[in-house]
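Here's the structure we're looking at; comments come further down.
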Amino acid sequence: MKATPIAILLCFYLLSAVADEEETHLRTLKQAFHDDFLIGAAIEKLLFEEGARPTLKLVPTQFNSISSCNMLKWSPFNPKPEVYDHRAADAYVAFGTKHNMYVVGHVLFWHNQTPEWVFRDVDSKQLDRSALLERMRERVRLLATRYGSKIEAWDVVNEAIEGNGHLRNSTWTQIIGKDFIEQAFRIAHDELPTDVELLYNDYSMTGPKKRDAVVRMILELKQRGVRIDGVGMQGHWSINGPALADIEASIVAFSQAGVEVHITELDIDVLPRQPGMHGADVAKQLEQDEAMDPYRDGLQAEMQQRLAQRYADIFQLFLKHREKIKRVAFWGTTDNHSWLNNWPIKGRTSYPLLFDRNGAPKPAFHAVIGLKAPEDAADDPAPTVIHD
Ligand code: G3I
């Protein structure tokens, strides 16, 4: 059997592990990619979960950026009028500040996890445009007052453009109109410190229709004098797709539109999916099916190797376009904390990240780290904003 590059790499790693265990062992993701892009992870309520210590320890060791997953979304943070639960968000921001990390706020405005009361007045009548815009402004003003520049970038709007390139027909656009995205970015610019970066975030950004619609949206915002600093390509990809050429086309297109590219929610799903089941629309849920959960008892070496190769290919592409990419962030830290164990089918066992359920680096981790020569690794660096 022909030895694949990844097999050679893995053999090299195993053989050299003894010789330079100290060297290999010490190299972390943030050291390896220090001069290329920020490297991050979404941390859920790790700060509070029992038994999460091994995973939490990973975060400042391996990463120089964090994303907030659920805790800053409208529902968890402000479930009812005048009712706030900011304990998790406060701990998240304090953790990132303590470890001198690039802290990202996810998400100001999204069609999911926004309580119905946001769109209603005290008599449960639907708000009009100006009233909803004012309520949006209140949310951002409160977050700006509480966190200021400690949150260095916000996903201002999430998933507002459909795969066919049309604006999503959400309650936001039904009430505000087709300039919802523009108004959201205007409010974020007005209320947040000017050094806080404003991002548009979405999934399936490698599809040509969505890619072109997002480029048009960026150019229109710029033409209207509305600040947008970056685009988040979520990166919920699978072992089989999207093609590297499609990922590359989007990185280049968004960069040419004049914004920084962030890979915001990277994970590579190894589990089978029904035809047409891609993207990350959380509203989609499918029935349990044993055949769709083939790795309940562990991931075979062959699939580990395929996952390692897929991650190596994707990171090779990121390195090729390192000057366009500000950040690469994973949607979770260890496999057991991945949303993909429950989407699109609840209760499956997925293996989408670089660290296994015990927090140990997987072959995919070594394949990614192995793309950078040891001497490239910086000493224990503070996070650098690579592209001013
Ligand atoms: O915290 C409550 C808990 O108190 C309650 O008992 C439990 C049962 O309903 O729900 C818990 O909240 C869940 C939350 O995750 C925290 O675990 C919500 O129901 C559940 O809907 C929520 O799912 C999140 C999903 O977004 C929907 O908001 C996933 O964790 C999160 O990974 C996923 O992340 C999204 C990004 O925000 C946007 N891009 C796609 C990505 C994946 O769908």
Side-chain angles (χ1 to χ4, degrees), residues 40-52 55 59 65-80 83-89 91-92 103-116 118 151 153-163 168 170-172 181 184 199-207 210 214 230-238 242 262-269 271 273 277-286 327-348 350-353:
I43 59 171
E44 190 34 271
K45 304 184 196 84
L46 286 186
L47 311 176
F48 311 110
E49 280 178 1
E50 282 308 305
T55 303
V59 174
S65 176
I66 47 177
S67 312
S68 56
C69 203
N70 295 303
M71 54 192 93
L72 278 162
K73 291 173 181 174
W74 203 317
S75 263
F77 188 82
N78 179 197
K80 295 191 179 80
V83 173
Y84 298 94
D85 180 357
H86 39 67
R87 288 167 301 170
Y92 163 77
V103 179
V104 177
H106 175 77
V107 50
L108 291 177
F109 308 115
W110 186 27
H111 62 278
N112 265 321
Q113 284 188 288
T114 300
E116 186 52 33
V118 168
I151 294 182
W154 275 98
D155 291 336
V156 174
V157 172
N158 189 49
E159 302 171 12
I161 294 175
E162 299 277 14
R168 184 183 294 270
S170 68
T171 311
W172 295 111
I181 298 175
L199 314 179
Y200 174 77
N201 190 52
D202 211 329
Y203 60 79
S204 296
M205 293 274 261
T206 56
K210 183 178 278 194
V214 171
V231 153
M233 297 173 60
Q234 291 185 5
H236 293 299
W237 296 329
S238 89
H262 295 241
I263 309 297
T264 52
E265 307 182 10
L266 183 58
D267 43 36
I268 308 278
D269 202 0
L271 296 180
R273 287 189 182 177
M277 190 72 207
H278 44 75
D281 185 345
V282 285
K284 292 180 182 170
Q285 276 292 336
L286 300 171
R327 170 175 61 110
V328 175
F330 295 89
W331 203 241
T333 50
T334 54
D335 285 340
N336 53 316
H337 280 123
S338 172
W339 72 294
L340 287 171
N341 293 308
N342 294 298
W343 187 87
I345 300 173
K346 280 196 181 310
R348 294 204 294 179
S350 193
Y351 303 80
L353 299 167

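Every number for a ligand or one of its atoms is a count from 1 in the order of the listing. In this text, all values refer to a predicted model and were calculated from it rather than measured experimentally.
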Would you please name every residue forming a ring pair (Phe, Tyr, Trp, His ring centres under 6.0 Å) with Trp172, sequence neighbours left out? Phe109, Phe119, Phe180
Would you mind listing which atoms of ligand 1 come within a distance below 4.0 Å of any non-hydrogen atom of His236? 40 (C), 41 (C)
Arg168, CZ atom: more than 12 neighbouring heavy atoms under 6.0 Å: yes
Exercise: do Ser338 and Asp267 side chains pair donor with acceptor under 3.5 Å: no
Judged by heavy atoms only, the candidate from Gln113, His337, Glu159 nearest atom 18 (C) of ligand 1 is Gln113
Return the orientation label for the Tyr84 and Phe77 ring planes: parallel under 30°, perpendicular over 60°, tilted otherwise. perpendicular
Less than 6.0 Å separating the ring centroids of Trp339 and His236? yes
Location of contacts on Trp110 toward ligand 1, heavy atoms closer than 4.0 Å: side chain
Measure Asn158 to ligand 1 on non-hydrogen atoms and call it side chain, backbone, both or neither using the 4.0 Å cut-off. side chain
Check each of Lys73, Glu265, Met71 against atom 40 (C) of ligand 1 and report the one with the nearest heavy atom. Glu265
For ligand 1, is there an N or O atom under 3.5 Å from any N or O atom of His106? yes
Name the option, out of Trp339, Trp343, Tyr203, that contains the heavy atom nearest to atom 42 (C) of ligand 1. Trp339
Examine the side chains of Trp74 and Gln113 and answer whether a donor and an acceptor come within less than 3.5 Å of each other. no
Using a heavy-atom cut-off of under 4.0 Å, does the side chain or the backbone of Trp331 touch ligand 1, or both, or neither? side chain
Name all residues meeting the ring pair (Phe, Tyr, Trp, His ring centres under 6.0 Å) criterion together with Tyr351; count only those two or more places apart in sequence or in a different chain, and write none if there are none. none
Is the closest heavy atom of Asn70 to ligand 1 under 4.0 Å? yes
